[in-house]
Amino acid sequence: MLKIYNDGKRITVSLDGDIDHHAAREIRTALDDIIFRSRPELLVLNMENVGFMDSSGIGLILGRMKAMKAVGGDILIKNARSEIADIIKLSGLSSLIVTKTTT
Amino acid sequence: MKKILLNECLLRFPALSRNESLSRSAAASFAMQCDPTVEETAAVKTAVSEAVTNAIVHGYRNSKGNIEMILQLYEGNLLKITIRDRGCGIPDIKAAMEPEFSTAPPEEERSGLGFTVMESFMDKVRVRSSKGKGTAVTLEKTIIGK
Ligand SMILES: Nc1ncnc2c1ncn2[C@@H]1O[C@H](COP(=O)(O)OP(=O)(O)OP(=O)(O)O)[C@@H](O)[C@H]1O
Ligand SMILES: [Mg+2]
């Protein structure tokens, strides 16, 4: 489910499949485990292989944003396909989306 | 003038989260006969997922039951999808449809954006509900296609 590239301060996690209410719980546990164990400065969620996301994904992202704040870090989202980016924007989280693939 | 009903399918499934993906795949398959664009298919899947998830997490919060999904195609590529539960119902529909309104406890991490997502992806969203009896959400979209 998750591939992690860790350079100490920055962790990139590649999510895949569908992010819905059913899948969210497992992803949440896995991400919180990474956040509170590694306490990265930046958590990047690579959405390249995510085919579907609904508002359960928004709750998931908001929750991880709070978790990252709690450890003093930030969260970014990259490679979200357009429909998913639209939902993220609807929720007012567009500032989390990185357009250039530098991370 | 009333539009002619060209196709209708009924799907009934237990209100379990594992069935969320089935429900949106079924809706996408039904929509295929309109030759939708990738964006239109994604819109239908997302709206259906919102309504079905709501039936599971809110409607059947304190009970068990089935969800019914009625898929209808009317002439002019008008798609109507109704998602119905026999759960707790919504006391104030207008309030429930406001962005960021949610009755879920914080640990469930719900953002209260489900109805907002449905409304932004579909042409029309109609909600009927009565307390203790259940909720029916009807999603409408005219598929323009490729
Ligand atoms: N089928 C339903 N049965 C009972 N209550 C419902 C139903 N659908 C929605 N609601 C009520 O309407 C509120 C708003 O729904 P909406 O989908 O917009 O947000 P949410 O489900 O709380 O959060 P999100 O969808 O962003 O995860 C819910 O919190 C719930 O109180
Ligand atoms: Mg919802």
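Proteins come first, then strands; the chains are lettered A, B, ... in the order of their sequence lines, and each starts at number 1.
With a 4.5 Å cut-off on non-hydrogen atoms, B:V52 does not touch chain A at all. Within the 4.5 angstrom heavy-atom criterion, no atom of B:L16 approaches chain A.
No chain of hydrophobic side-chain contacts below 4.5 Å, direct or via other Ile, Leu, Val, Met, Phe, Trp or Tyr residues, connects B:M32 to B:L79. Put simply, A:I61 and A:I35 are part of the same group of oily side chains (I, L, V, M, F, W, Y) that touch within less than 4.5 Å, one to the next. Linking Ile, Leu, Val, Met, Phe, Trp and Tyr whenever their side-chain heavy atoms come within less than 4.5 Å puts A:I77 and B:L113 in one cluster. A continuous path of hydrophobic side-chain contacts links A:L90 to A:L93 [ILVMFWY only; heavy atoms under 4.5 Å]. B:L5 and B:L71 fall into different hydrophobic clusters, defined by Ile, Leu, Val, Met, Phe, Trp and Tyr side-chain heavy atoms under 4.5 Å apart, directly or through other members.
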Can you pull every donor-acceptor pair closer than 3.5 Å across chain A and chain B?
{"from": "A:D18", "atom 1": "OD2", "to": "B:R24", "atom 2": "NH2", "distance (Å)": "2.8"}
{"from": "A:D20", "atom 1": "OD2", "to": "B:R24", "atom 2": "NH1", "distance (Å)": "3.0"}
{"from": "A:D20", "atom 1": "OD2", "to": "B:R24", "atom 2": "NH2", "distance (Å)": "3.0"}
{"from": "A:H21", "atom 1": "ND1", "to": "B:E20", "atom 2": "OE2", "distance (Å)": "2.5"}
{"from": "A:H22", "atom 1": "N", "to": "B:E20", "atom 2": "OE1", "distance (Å)": "3.0"}
{"from": "A:H22", "atom 1": "ND1", "to": "B:S17", "atom 2": "OG", "distance (Å)": "2.6"}
{"from": "A:H22", "atom 1": "ND1", "to": "B:R18", "atom 2": "N", "distance (Å)": "3.3"}
{"from": "A:R28", "atom 1": "NH1", "to": "B:E107", "atom 2": "O", "distance (Å)": "2.7"}
{"from": "A:R28", "atom 1": "NH2", "to": "B:E107", "atom 2": "O", "distance (Å)": "3.2"}
{"from": "A:D54", "atom 1": "OD2", "to": "B:S49", "atom 2": "OG", "distance (Å)": "2.6"}
{"from": "A:S55", "atom 1": "N", "to": "B:E50", "atom 2": "OE2", "distance (Å)": "2.6"}
{"from": "A:S55", "atom 1": "OG", "to": "B:E50", "atom 2": "OE1", "distance (Å)": "2.7"}
{"from": "A:S55", "atom 1": "OG", "to": "B:E50", "atom 2": "OE2", "distance (Å)": "3.2"}
{"from": "A:S56", "atom 1": "OG", "to": "B:R110", "atom 2": "NH1", "distance (Å)": "3.4"}
{"from": "A:S56", "atom 1": "OG", "to": "B:R110", "atom 2": "NH2", "distance (Å)": "3.3"}
{"from": "A:R64", "atom 1": "NH1", "to": "B:E109", "atom 2": "OE1", "distance (Å)": "3.0"}
{"from": "A:R64", "atom 1": "NH2", "to": "B:E109", "atom 2": "OE2", "distance (Å)": "2.8"}

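Of residues 45-53 of chain A, those residues lying under 4.5 Å from chain B by any heavy-atom pair are A:F52, A:M53.
Hydrophobic cluster membership of B:L10, counting Ile, Leu, Val, Met, Phe, Trp and Tyr whose side-chain heavy atoms lie under 4.5 Å apart directly or via other members: B:I70.
Contacts of B:V38 classified as side-chain contact (heavy atoms from CB on, under 4.5 Å), with partners at least two apart in sequence or in another chain: none.
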